[in-house]
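FYI, the numbering just counts along the sequence from 1. Whatever order the structure lists ligands and atoms in, that order sets their numbers, starting from 1.
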Amino acid sequence: MEFSTLLTSLENGIYYITINRPDKLNALNRQVFEELNRALDEVYSNEEIRSVIITGAGPKSFVAGADISEFEHLSKEEAIALAKRGQQTFFRIENAPKPVVAAVNGFALGGGCELAMSCHFRIASENAKFGQPEVNLGLIPGYGGTQRLTRLIGKGKALELMLTAHMIDAAEAKELGLVNHVTSPELLMEYTRNLLTLINSKAPLAIASCIKAANAAFSSLNEGYETEAQEFGNVFDTEDRKEGVAAFLEKRKANFTGK
Ligand code: COA
């Protein structure tokens with residue numbers, strides 16, 4: 001399959017999806033989403049694929065968020081549609097009938113943390129960094145992060161991370177239950193591959209049923225996702241969002257006024 005923002009390969013039943021925009025720290029733009037959806041079509045339809053690893057290209061970043069340069073001129077309605085598109089793509093990952101594991105090899109910020117959280121579980125390298133820094137831009141997480149972070153680590157810690165925009169390291173992410181294991185950067189892929197090779201030796205229908213049943217404990221049909229998309233749209237109408245996005249693109253500190 002031909003992609004320009006992803007690298008994909010299938011080896012021994014494991015399908016590797018590598019987000020490949022290393023010069024932009026693998027930020028998720030429109031094209032990445034379009035290609036990710038095509039790669040997910042393959043995951044759902046190709047019987048040779050037994051499990052999936054999602055990672056980022058280069059040594060520095062898994063995914064450093066949604067591509068902020070696409071946030072400059074969006075209307076509220078377009079912003080809601082953008083959030084819903086991201087949510088839908090990540091629901092497809094979460095509901096895949098095959099294990100999808102994030103191998104987090106560096107920054108997993110904003111949409112990158114949300115992508116990792118939509119995977120069934122996460123393995124991190126020691127240099128991984130996690131965070132939801134959207135408030136720095138006058139924004140909020142819009143691809144399911146307000147829901148999945150709260151479910152994974154509890155409301156208090158989730159709100160602390162979202163409200164402070166703090167980045168946490170791999171050790172703290174493990175302590176919080178955000179990642180299952182931490183490895184050296186060199187061993188990240190081997191460690192993840194070994195876990196999936198073990199899982200691939202089990203009964204595929206039983207694996208699919210485990211995922212379906214575990215997902216049913218946290219239904220994606222709750223109103224939280226809709227609230228998140230609407231609030232994501234609401235902040236797009238603010239002066240602070242314009243200031244926050246402009247400040248990032250101009251590489252300066254934002255000056256928020258509460259308007
Ligand atoms: N969207 C668009 N471009 C991004 C990006 C994003 N989310 N994250 C990084 N980039 C770009 C930078 O603009 C820069 O591009 P340039 O070389 O053309 O100027 C390039 O990726 C490298 O990033 P840089 O900031 O120079 O690297 P750094 O090591 O100094 O800092 C981060 C790394 C992750 C701390 C910093 O890039 C950052 O804060 N990114 C945004 C994180 C974020 O807010 N994500 C949530 C978005 S909703």
Atom 23 (O) of ligand 1 touched by protein heavy atom at under 4.0 Å
yes
The protein heavy atom nearest to atom 1 (N) of ligand 1 is I68 N, 2.9 Å
For atom 17 (O) of ligand 1, what's the nearest protein heavy-atom neighbour? Residue, atom name and distance, please.
D23 O, 4.4 Å
Going by distance only, is there an N or O of A66 that falls short of 3.5 Å from an N or O of ligand 1?
yes
Nearest non-hydrogen contact to atom 46 (C) of ligand 1 from the set S61, A108, G106, G110 belongs to G110
Determine, counting only non-hydrogen atoms of the protein, whether one lies under 4.0 angstrom from atom 8 (N) of ligand 1.
yes
Looking only at heavy atoms, which two atoms of A124 and A128 are closest? And how far apart?
CB-CB, 3.9 Å
Those atoms of ligand 1 less than 4.0 Å from some heavy atom in D67:
1 (N), 2 (C)
Options K251, R21, E134, ranked by nearest heavy atom to atom 48 (S) of ligand 1, top entry
E134
If you look at every heavy atom in E228 and Y143, which pair is closest and at what distance?
OE1-N, 3.4 Å
Under 3.5 Å between some N or O of ligand 1 and some N or O of P133?
no
Taking atom CG of N12 as the centre, report whether more than 12 heavy atoms of other residues, nucleotides or ligands fall under 6.0 Å from it.
no
Nearest non-hydrogen contact with atom 21 (O) of ligand 1 belongs to which option: M167, K24, K129?
K24
I'd like to check whether A64 has a polar contact with ligand 1, where a contact means an N/O of the residue lying under 3.5 Å from an N/O of the ligand.
yes
E47, CD: over 12 other non-hydrogen atoms inside 6.0 angstrom:
no
H181 atom NE2, neighbour heavy-atom count above 12 within 6.0 Å
yes
Counting from 1, what ligand 1 atoms have a heavy atom of L109 closer than 4.0 Å?
34 (C), 42 (C)
Would the number of heavy atoms belonging to other residues, nucleotides or ligands and lying under 6.0 Å from NZ of K157 be above 12?
no
Can you check whether F71 and F248 have ring centres sitting under 6.0 Å from each other?
no
From the options F107, Y143, F248, select the one whose nearest heavy atom is closest to atom 40 (N) of ligand 1.
F248
Counting only heavy atoms, which portion of L249 has something under 4.0 Å from ligand 1: side chain, backbone, both, or neither?
neither
Would one find an N or O of K60, backbone or side chain, under 3.5 Å from an N or O of ligand 1?
yes
Near R30 CZ, under 6.0 Å, is it more than 12 heavy atoms from other residues, nucleotides or ligands?
no
Identified side-chain contact (heavy atoms from CB on, under 4.5 Å) partner of E42 from the options I49, L10, I17:
I49
List the atom of Q132, the atom of L149, and the distance in Å for their closest heavy-atom pair.
CG-CD2, 4.0 Å
Protein contact for atom 42 (C) of ligand 1 (heavy atom, distance under 4.0 Å)
yes
Starting from atom 31 (O) of ligand 1, which protein heavy atom do you reach first, and at what distance in Å?
L25 CD1, 4.5 Å
Judging by distance only, is a nitrogen or oxygen of S69 under 3.5 angstrom from one on ligand 1?
no
Should the pair R148-E94 be classified as a salt bridge under the 4.0 Å nitrogen-to-oxygen rule?
yes
